[in-house]
Amino acid sequence: MDAVRRSLVGLHWFVGLGAIGGGIAALVDPSGRAVGLDASVLERGPFADFLIPGLFLVIVLGVGNLVAGALLLSRHR
């Protein structure tokens, strides 16, 4: 596997695992205190707490990046 593909796989997995970790923290405590945030940062946005952003982190950014990394690996083989 060439260096570019290895780098992309590593980057996808790094971002995916980080997003899943942050998303789970937001789902466990939607107030934001678990990740050091206050819900007041969401005052001007469409969300009252971090539940929906946490779901987005886990599903779209987390799982999406892990799948993209796996597809890059499988395409090489």
Side-chain angles (χ1 to χ4, degrees):
M1 184 172 6
D2 61 345
V4 173
R5 186 168 285 166
R6 277 194 309 253
S7 297
L8 285 174
V9 169
L11 184 61
H12 276 296
W13 287 354
F14 178 76
V15 171
L17 291 173
I20 287 175
I24 289 174
L27 293 175
V28 168
D29 184 12
S31 70
R33 281 182 243 129
V35 290
L37 294 173
D38 186 35
S40 65
V41 300
L42 298 173
E43 285 177 354
R44 296 182 184 218
F47 307 114
D49 59 16
F50 290 97
L51 181 66
I52 302 300
L55 284 171
F56 182 83
L57 271 172
V58 169
I59 296 169
V60 176
L61 296 176
V63 174
N65 274 293
L66 292 178
V67 168
L71 287 174
L72 276 170
L73 274 180
S74 69
R75 185 173 180 193
H76 176 68
R77 296 176 185 187

Legend entry - Close side-chain approach of L73 to W13, heavy-atom, < 4.5 Å: yes
Legend entry - Pairing residues for L11 by the side-chain contact (heavy atoms from CB on, under 4.5 Å) criterion, not counting sequence neighbours: V15
Inset, instruction - Check the pair L72 / H12 against side chain to side chain contact (heavy atoms under 4.5 Å, CB included), numbers first and verdict last. - result: CA-CA 10 Å; L72 276 170; H12 276 296; 3.7 Å; yes
Inset, instruction - Nearest 0.5 Å please: distance from the CG atom of D2 over to the CG atom of L8. - result: 8.5 Å
Inset, instruction - Hey, could you give me each pair passing side chain to side chain donor-acceptor pair (under 3.5 Å) that has a residue in residues 21-36? Not counting sequence neighbours. - result: D29-S31
In residues 39-64, what donor-acceptor pairs under 3.5 Å come from side-chain atoms, sequence neighbours left out?
from: S40; atom 1: OG; to: D38; atom 2: OD2; distance (Å): 2.8
from: D49; atom 1: OD1; to: L51; atom 2: N; distance (Å): 3.2

